[in-house]
Amino acid sequence: MVNFNGNLITSEDNFLSHNNRGFKYGDALFETIRIVNGKLLFWEDHYFRLMSSMRILRMEIPMEFTMEFLEEEFLKTIEANDFLNKTVRARLTIYRNDGGKYAPETNECSYVIDIEELETPFYTIDDTLYEVELFKDFYVNADMLSNLKTTNKILHTVASVYAQENNYQNCLLLNGTKQVIEAINGNIFLVTGNTIKTPPLKDGCLDGILRKKLMEIITKWEDYELQEASISPFELQKADELFITNAVIGIKPITKYRKKEFDTKASRSLLGRLNALARLN
């Protein structure tokens, strides 16, 4: 079952038309949230990012779009799928309503919530090989639109195909000045000595919720110093660790980049702190 504007319908129902602006123009935003036993992790951060993004894209925010309303819509969808006592990945997609060409006829919006079950209630790290490579065919713009979680992700899609074709588990994306800004599906962190570094938003990386939470954790962590600064591709092979973050997987250590193999000490220590923060959320 999916939630379409508050109505629970089957995933086979045709509720989106060929005129859908998300389909035709990528005129849509989304939030992907981890929900454990009916608890939306870091929901306040997701909600305020969504509201800010809708304003930036000049979407009309419905009066009923309070934190409480949307949370109830998530829980209603989970209950309809009998997932209330399970861990799920929930995606809320908001798109401008049909009409117009590039210039919309209305700024009113609709929404869809869909969910899928996850295996564990806690963020975990496995020991499987996770090799990455730079994706250099296209570059991400270093601007505010790149910070938003929009459905316009064709660059990330093509990078995913490149990774599949070359047996990589992920790719690292570059901006126009050839700085490393993120992975296909999350933010990037680099560990060198006692410094943990992540690119600034001005470089064009996603304004990720887990990025924000880990930066808060690292700032209070005596063992490491946080540095928000540009990352050159030349730094990658000199790093002790690289890891990727997003709201669903938590922390994913990169084990290999070209000839360099990486440790996972800091990422594993961070994982415990992240799970502790999630429980307090």
Side-chain angles (χ1 to χ4, degrees), residues 2-5 15-34 42-43 45-62 65 70 73-74 89-116 135 137-161 170-176 179-188 198-212 244-249:
V2 299
N3 184 325
F4 173 54
N5 285 337
F15 58 92
L16 299 180
S17 79
H18 65 284
N19 284 319
N20 180 271
R21 291 188 60 84
F23 165 69
K24 295 185 85 169
Y25 303 108
D27 189 5
L29 293 160
F30 69 100
E31 289 288 332
T32 307
I33 303 170
R34 188 180 180 96
F42 310 122
W43 171 227
D45 294 280
H46 281 285
Y47 175 78
F48 285 115
R49 179 175 70 172
L50 177 64
M51 294 299 102
S52 174
S53 299
M54 290 182 73
R55 291 188 185 98
I56 290 169
L57 295 188
R58 292 176 169 79
M59 292 178 170
E60 185 175 320
I61 301 174
F65 265 32
L70 290 176
E73 292 302 304
F74 277 114
R89 172 190 183 274
R91 171 171 165 149
L92 167 66
T93 305
I94 296 179
Y95 57 90
R96 216 180 312 255
N97 287 344
D98 296 356
K101 300 294 191 291
Y102 287 123
E105 292 179 356
T106 178
N107 289 313
E108 294 180 349
C109 299
S110 294
Y111 67 91
V112 178
I113 298 173
D114 61 277
I115 63 173
E116 61 182 79
F135 181 67
D137 290 1
F138 305 103
Y139 302 102
V140 177
N141 287 331
D143 58 33
M144 185 181 291
L145 283 179
S146 297
N147 301 152
L148 306 184
K149 206 168 178 69
T150 72
T151 58
N152 193 345
K153 297 294 183 184
I154 191 63
L155 188 154
H156 298 70
T157 299
V158 176
S160 296
V161 174
N170 210 322
C171 281
L172 303 182
L173 309 182
L174 305 171
N175 63 17
Q179 301 296 318
V180 179
I181 61 161
E182 62 191 10
I184 293 170
N185 63 336
N187 292 105
I188 185 78
T198 195
L201 295 180
K202 67 178 180 62
D203 280 3
C205 66
L206 177 71
D207 187 9
I209 300 302
L210 257 289
R211 173 186 181 273
K212 176 183 175 182
I244 298 164
T245 68
N246 70 42
V248 174
I249 65 171

Donor-acceptor under 3.5 Å (Asp27 side chain, Arg21 main chain):
no
Report yes or no: does Asn3 contribute a side-chain atom to a donor-acceptor pair with the main-chain N or O of Val112 at less than 3.5 Å?
no
Salt bridge Glu31-Arg91, side-chain N to carboxylate O under 4.0 Å
no
CD1-CG distance between Ile33 and Leu50, expressed to the nearest 0.5 angstrom
8.5 Å
Taking Asn246's backbone N and O only, do any of them form a donor-acceptor pair with Asn185's side chain (distance below 3.5 Å, no angle check)?
no
Sidechain-backbone polar pair: Arg49 side chain, Leu148 backbone, donor-acceptor under 3.5 Å
no
Go through it in stages, so that I can follow the logic: the residues are Ser110 and Tyr95, the test is side chain to side chain contact (heavy atoms under 4.5 Å, CB included), and I'd like the CA-CA distance, side-chain angles, deciding distance and then a yes or no.
CA-CA 6 Å; Ser110 294; Tyr95 57 90; 3.5 Å; yes
Are Leu29 and Thr93 close enough, and set up right, to give a side chain to side chain contact (heavy atoms under 4.5 Å, CB included), and what steps lead you there?
CA-CA 6 Å; Leu29 293 160; Thr93 305; over 6 Å; no
Can you label the angle between the Phe74 ring and the Trp43 ring as parallel, tilted or perpendicular, going by 30° and 60°?
perpendicular
Answer yes if the ring centres of Phe65 and Tyr111 are under 6.0 angstrom apart, and no otherwise.
yes
Is there a donor-acceptor contact under 3.5 Å from the side chain of Asn20 to the main chain of Gly22?
yes
Residue pair Phe30, Leu92: steps toward the side chain to side chain contact (heavy atoms under 4.5 Å, CB included) verdict:
CA-CA 5 Å; Phe30 69 100; Leu92 167 66; over 6 Å; no
Report yes or no: does Ser160 contribute a side-chain atom to a donor-acceptor pair with the main-chain N or O of His156 at less than 3.5 Å?
yes
Under-4.0 Å salt bridge between Asp45 and Lys212
yes
In this structure, OG1 of Thr245 is separated from CG of Asn187 (nearest 0.5 Å) by 4.5 Å
